[in-house]
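To keep things clear, I will list the structure first and then write my remarks on it.
Predicted model only: the values in this text are computed from it and were never measured. Atoms within a ligand are numbered from 1 in the order they appear, just like the ligands themselves.
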Amino acid sequence: MPAVPTRFVRAEDFAAVAQAVLPTDVWDYVAGGAGDERTVRANEEAFHRLTLVPRMLIDVGTRTLHTTALGVPLAGPIGVAPTSYHTMAHPDGELAVARAAGAAGLLNIVSVFSSTTLEDVAKAATGPLWFQLYCLRDRGLTRSLIERAEAAGYRAIVLGVDLPVIGYRDRDIRNAFRLPPGVRPVNLPVGTEQDPTLADLNAVLVDPRLTWQDVEWIRSVTDLPLVVKGIVAPSDAERAVQLGASGVLVSNHGGRQVDGSVATMTALPDVLDVVGGSAEVYLDGGVRRGTDVLKAVATGARVVFAGRPVLWGLAVDGESGVRAVLDLYLRELDLVMATCGCPDVASIGPHLLRNP
Ligand SMILES: Cc1cc2nc3c(=O)[nH]c(=O)nc-3n(C[C@H](O)[C@H](O)[C@H](O)COP(=O)(O)O)c2cc1C
Ligand SMILES: O=C(O)C(=O)c1ccccc1
């Protein structure tokens, strides 16, 4: 086990310490969501409503959590969701997260709004990386980012489609939140002299006129598999797959975009009904415990991703804090698989759910 105190028994134990060490406005940026934060809570509550029906007298003496995503071997069906500006949380930022995810053998999705260049993250990484892109107003720049990700060894493009503009986030508005000094979107050509709000930066760069035609264009300019992130409507998932997406990441951006948006675990079964046979389906939002991972995988998710908990670990203790958070997910998942009668990921199925 990593060198962190045993008071960290669950991922959420890192939240309280992270809150204590981060500046208030940075904590609010990470923790907060859109509006009254009903969807932030709904994501977690949807997991709580699902109940498990463990199975007994199955040989679980030898267990493995191994799985794959788009052919990439992984130590488990949990990964790192893309989040912006990791050096806000810890000076080692994205490098610490990449090292921790690699050491754990887990998939790491790197945000285009990283505060470390995508090339430097790739050099530090020892495990698989996917690159999360927002389509920018400047299509030449968008294309060059895809080419840089290909050259650096990223194995998929994850196109974020749920952020035409940044949602109405009460906490950030109240705090007039701005990027801390020295924290910049270094993949992108923006000056270092301004003192922009996130919404300003976003409005300058990200294209709010994006449509399905642009998804086709992005699909056409790369040989990397395409994952569309930020979908909750089954018809949107269907269209993404028709246009050539290999995967769909069911996400409401951690409740940060549309307050009142459906919880991701509520949306997941309907998305699976439509595209589950033809694409891999992933989920994020409110995944906090090994039981949550099990419930999502039992419903049909290939891999689930954690956003805020990774940032809590990063704020608390850099690389080893992230490693500790990821290890908690794996350890909890291993034990809940054993106690539910699942020796491997393939044996996790809807038979374990009370309301499949
Ligand atoms: C501080 C923060 C920054 C984020 N930045 C991005 C981003 O740059 N790109 C992206 O696709 N999603 C971003 N997200 C959304 C996450 O990828 C993910 O959908 C969400 O955090 C999952 O919910 P969870 O935090 O409850 O695990 C961000 C989320 C947070 C909390
Ligand atoms: O804060 C976010 O959730 C996010 O996705 C984002 C996107 C662009 C710039 C900064 C943050």
For this session: Mark up the atoms of ligand 1 that fall under 4.0 Å of a heavy atom belonging to Ser251, in ascending order.
Result: 19 (O)
Exercise. Are any of the side-chain nitrogens in Arg171 or Asp25 under 4.0 Å away from the carboxylate oxygens of its partner?
Worked result: no
Problem set entry | Exam field: side chain Tyr329 to backbone Val287, donor-acceptor pair closer than 3.5 Å | yes
Exercise. Does any N/O atom on Asn202 come nearer than 3.5 Å to any N/O atom on ligand 2?
Worked result: no
For this session: For the pair Arg10 and Asp13, find out whether any cationic side-chain nitrogen is under 4.0 Å from an anionic carboxylate oxygen.
Result: yes
Problem set entry | Step-by-step side chain to side chain contact (heavy atoms under 4.5 Å, CB included) determination, Thr67 to Arg302 | CA-CA 8 Å; Thr67 187; Arg302 184 91 195 162; 3.8 Å; yes
Exercise. For atom 9 (N) of ligand 1, what is the nearest protein heavy atom, given as residue, atom name and distance?
Worked result: Gln132 OE1, 2.8 Å
Exercise. To which of Ser114, Ser84, Ala89 does the heavy atom nearest atom 3 (C) of ligand 1 belong?
Worked result: Ser84
Exercise. For atom CZ of Phe177, is the number of surrounding heavy atoms from other residues, nucleotides or ligands below 6.0 Å larger than 12?
Worked result: yes
For this session: Provide the number and element of each atom of ligand 2 under 4.0 Å from a heavy atom of Tyr85.
Result: 10 (C)
Exercise. Can Asn43 be said to touch ligand 1, with heavy atoms closer than 4.0 Å?
Worked result: no
Exercise. Nearest to atom 3 (O) of ligand 2, what protein heavy atom do you find, and at what distance?
Worked result: His253 NE2, 2.8 Å
Exercise. For ligand 2, which part of Arg169 has a heavy atom less than 4.0 Å away: the side chain, the backbone, both, or neither?
Worked result: side chain
Exercise. Counting N and O atoms only, with roles assigned by atom type, does the side chain of Asp317 sit under 3.5 Å from a partner on the main chain of Ser320, one being a donor and the other an acceptor?
Worked result: no
Exercise. What protein heavy atom sits nearest atom 6 (C) of ligand 2, and how far off is it?
Worked result: Tyr29 OH, 4.0 Å
Problem set entry | Protein heavy-atom partner closest to atom 17 (O) of ligand 1 - residue, atom, separation in Å | Pro82 O, 2.7 Å
For this session: Check each atom of ligand 1 against the heavy atoms of Gly285 and keep those under 4.0 Å away; list them by number with element.
Result: 22 (C), 23 (O), 26 (O)
Seminar exercise, completed: Of all protein heavy atoms, the one nearest atom 10 (C) of ligand 1 is Tyr134 OH, 3.2 Å
Exercise. So which heavy atom in the protein is nearest atom 18 (C) of ligand 1, and how far is it from that ligand atom?
Worked result: Asp284 OD2, 3.2 Å
Exercise. Given Gly307, Gly160, Ala31, which one has a non-hydrogen atom that is nearest to atom 21 (O) of ligand 1?
Worked result: Gly307
Seminar exercise, completed: ligand 1 to Val30, heavy atom cutoff 4.0 Å, flagged ligand atoms 1 (C), 31 (C)
For this session: Enumerate the atoms of ligand 1 whose separation from the nearest heavy atom of Tyr29 is less than 4.0 angstrom.
Result: 1 (C), 3 (C)
Problem set entry | Phe8 ring center within less than 6.0 Å of Trp312 ring center | no
Exercise. Which atoms of ligand 2 sit under 4.0 Å from any heavy atom of Arg256?
Worked result: 1 (O), 2 (C), 3 (O)
For this session: Measure Arg256 to ligand 1 on non-hydrogen atoms and call it side chain, backbone, both or neither using the 4.0 Å cut-off.
Result: side chain
Exercise. Does Arg63 come within less than 4.0 Å of Asp334, counting only side-chain N to carboxylate O?
Worked result: yes
Exercise. Between Asp259 (side chain) and Asp36 (backbone), is there a donor-acceptor pair under 3.5 Å?
Worked result: yes
Seminar exercise, completed: among protein heavy atoms, the one nearest atom 28 (C) of ligand 1 is Thr83 CG2, 3.6 Å
For this session: Ignoring hydrogens and angles, tell me if any N or O in the side chain of Glu319 forms a donor-acceptor pair with the backbone of Ala96 under 3.5 Å.
Result: no
For this session: Measure the distances from the heavy atoms of Arg288 to every atom of ligand 1 and state whether one is below 4.0 angstrom.
Result: yes
Problem set entry | Identity and distance of the protein heavy atom lying nearest atom 11 (O) of ligand 1 | Lys229 NZ, 3.0 Å
Problem set entry | Residue Leu163 vicinity, atoms of ligand 2 by number, heavy atom under 4.0 Å | 4 (C), 5 (O), 7 (C)
Problem set entry | Polar side-chain atom of Arg308 near backbone of Val30 as donor-acceptor pair, under 3.5 Å | yes
Problem set entry | Atom CZ of Arg174: over 12 foreign heavy atoms under 6.0 Å | no
For this session: Give a yes or no on whether the backbone of Arg289 and the side-chain of Asp292 come within a donor-acceptor separation of less than 3.5 Å.
Result: yes
Problem set entry | Test applied, side chain to side chain contact (heavy atoms under 4.5 Å, CB included); reference residue, Leu136; option that passes from Val204, Asp207, Leu210, Val206 | Val206
Problem set entry | N/O separation below 3.5 Å, Leu311 to ligand 1 | no
Exercise. Are any side-chain N or O atoms of Ser115 and backbone N or O atoms of His86, one a donor and one an acceptor, separated by less than 3.5 Å?
Worked result: yes
Problem set entry | Test item, Leu163 contacting ligand 1 (heavy atom, 4.0 angstrom) | no
For this session: Please write down residue, atom name and distance for the protein heavy atom closest to atom 8 (O) of ligand 1.
Result: Ser111 OG, 2.7 Å
